[in-house]
Amino acid sequence: IENIAPYQKRLNKILNNFLATETDFSSDYAAVRPLKRVAIVVFSSNTSLCGAFNSNVIKRLKEVVEEYKELGEQNVVVYPIGRKVSEAVKRLQFTLGGTLDGERHVLADKPNFDAMTQVTNTVMDKFLNKEFDKVIVIYHHLKSTAVQKLFTETFLPLQLSGQEDQVNQVNQGDKAQKEDKVAVAGDYIVEPGKQEVLQVLLPKALRMKLYSCLLDSHASEHGARTVAMQIATDNADGLIKELSVLYNKTRQQTITSELLDIVSGVAALQGSH
């Protein structure tokens, strides 16, 4: 995340600078059509012991599927990345995007750009071929080790407004910086031309977006697992202390009971004499 964030932010900044001046630019990736078929790319982990990380993802997936249920079960297609959400998709009998050959499970543990690009290219091509009219992504964003926020975003159609998404925002509230970005955009000398560059830049930015979601989810899983294990450790330490106190009390009671038996026995012998 630390290595890729500067690259992605600069890529988005360049893209936004272009879009700020190219008001007449259009792209097939930005085509808004009547909703007939929706795809959902959702990220989870392969294993448990990470608190509510996976259950929150599955709950959100159910909500999104429910939102589009009027399209029909076969028209809401899920692309699960991670064994836990894959098992949930099969259990809930959601429509699965393609076959699960294990590669997507590997991605959840070992993020790989080339493998993730194959998934991204699939949904992008299907969107261009009008097999999907909308693509949604569900993933966790790592704000800190203790805080992971679950996001549901529209991946396609692309918003050609020059605005970055909520994860990659860079001082969007600063009016002066917005104006500066537009001014900088006018200083670009682009060869062979802005239209040609944007045709290449948009798919690249989309591929980087889903790969960043994968990395974000992977990092968030580690954060959630760290917190869950810390809570489990604290609970275990507390339980050990409680059991130690209980053990010592029981041991003292046993010793006291044995001493009373001995004293009673001695008193009984002396009384008999």
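Around the CD atom of E2, the shell of radius 6.0 Å holds no more than 12 heavy atoms that belong to other residues, nucleotides or ligands. Within 6.0 Å of atom CG in N3, 12 or fewer heavy atoms from other residues, nucleotides or ligands are found, so the atom counts as exposed in its surroundings. Within 6.0 Å of atom CG in D28, 12 or fewer heavy atoms from other residues, nucleotides or ligands are found, so the atom counts as exposed in its surroundings. Counted within 6.0 Å of CD on E87, heavy atoms from surrounding residues, nucleotides or ligands total more than 12; the atom is thus considered enclosed.
Distance check, rounded to the nearest 0.5 Å: CG of D216 to NZ of K143 gives 12.0 Å. The distance from the CZ atom of F155 to the NZ atom of K134 is 14.0 Å, given to the nearest 0.5 Å. Put simply, CD on E221 and OG1 on T226 are 10.0 Å apart, with the number rounded to the nearest 0.5 Å.
Hydrophobic clustering keeps I231 apart from V147 (ILVMFWY residues linked when any side-chain heavy atoms are closer than 4.5 Å, directly or through intermediates). The hydrophobic clustering, which links ILVMFWY residues whose side-chain heavy atoms are closer than 4.5 Å, places L15 and M124 together. Hydrophobic clustering of Ile, Leu, Val, Met, Phe, Trp and Tyr side chains at less than 4.5 Å, counting indirect connections, keeps L150 apart from V227. I1 and V137 fall within a single hydrophobic cluster, where Ile, Leu, Val, Met, Phe, Trp and Tyr are joined by side-chain heavy atoms under 4.5 Å apart, directly or via other members. Under a hydrophobic clustering in which Ile, Leu, Val, Met, Phe, Trp and Tyr are joined whenever their side-chain heavy atoms come within less than 4.5 Å, directly or via other members, L206 and V135 fall into the same cluster.
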Criterion side chain to side chain contact (heavy atoms under 4.5 Å, CB included) on T95 and V76, from CA distance to verdict = CA-CA 6 Å; T95 303; V76 182; over 6 Å; no

request  = Verify side chain to side chain contact (heavy atoms under 4.5 Å, CB included) between L142 and L215, making sure each step is shown before the conclusion.
outcome  = CA-CA 10 Å; L142 181 72; L215 293 181; over 6 Å; no

inquiry  = Before you tell me yes or no, could you show the steps for K84 and F53 under side chain to side chain contact (heavy atoms under 4.5 Å, CB included), namely the whole-Å CA-CA distance, both residues' side-chain angles and the distance that decides it to 0.1 Å?
reply    = CA-CA 10 Å; K84 288 299 179 179; F53 181 84; over 6 Å; no

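Across all their heavy atoms, P203 and L198 have their closest contact at CD-O, 4.2 Å. Between N112 and D114 the shortest heavy-atom distance is OD1-N, 3.0 Å.
K126 pairs by the salt bridge (charged side-chain N to carboxylate O under 4.0 Å, His left out) definition with E131, not counting sequence neighbours. Looking at residues two or more places apart in sequence or on another chain, you find a ring-ring contact (aromatic ring centres under 6.0 Å, His included) between Y211 and F113.
Within the 3.5 Å criterion, the main-chain N or O of A108 finds a donor-acceptor partner in the side chain of H218. Counting only distance, with no hydrogens or angles, the side chain of S217 and the backbone of H140 share no donor-acceptor pair below 3.5 Å. Judged by distance alone, with hydrogens and angles left aside, the side-chain atoms of T122 form a donor-acceptor pair with the main-chain N or O of Q118 at under 3.5 Å. Under a 3.5 Å cut-off, the side chain of R225 and the backbone N or O of S220 do not form any donor-acceptor pair. Listed for the Q93 side chain is no donor-acceptor partner under 3.5 Å among the backbone atoms of K90. Formation of a donor-acceptor pair under 3.5 Å by the S264 side chain with backbone atoms of L260 is found in this model.
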Under 3.5 Å donor-acceptor pairs involving side-chain atoms of residues 30-45, not counting sequence neighbours:
residue: R33; atom: NE; partner: D133; partner atom: OD1; Å: 3.0
residue: R33; atom: NH2; partner: F127; partner atom: O; Å: 2.8
residue: R33; atom: NH2; partner: F132; partner atom: O; Å: 2.6
residue: R37; atom: NE; partner: Q74; partner atom: O; Å: 3.4
residue: R37; atom: NH2; partner: Q74; partner atom: O; Å: 3.3
residue: S44; atom: OG; partner: V85; partner atom: N; Å: 3.0
residue: S45; atom: OG; partner: T47; partner atom: O; Å: 2.6
residue: S45; atom: OG; partner: N54; partner atom: OD1; Å: 3.1
residue: S45; atom: OG; partner: N54; partner atom: ND2; Å: 2.8

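Side-chain atoms of L96 and P80, non-hydrogen and from C-beta on, do get closer than 4.5 Å to each other.
Side-chain N/O atoms of Q252 and N248 include no donor and acceptor closer than 3.5 Å.
Using cut-offs of 30° and 60° for the angle between ring planes, the Y139 and F151 rings count as perpendicular.
By the 4.5 Å side-chain criterion applied to Ile, Leu, Val, Met, Phe, Trp and Tyr, L49 is assigned to a cluster that also includes M229.
Screening residues 249-267 for salt bridge (charged side-chain N to carboxylate O under 4.0 Å, His left out) gives no qualifying pairs among residues at least two apart or on separate chains. Screening residues 50-64 for salt bridge (charged side-chain N to carboxylate O under 4.0 Å, His left out) gives R60-E63 as the qualifying pairs, with residues at least two apart or on separate chains.
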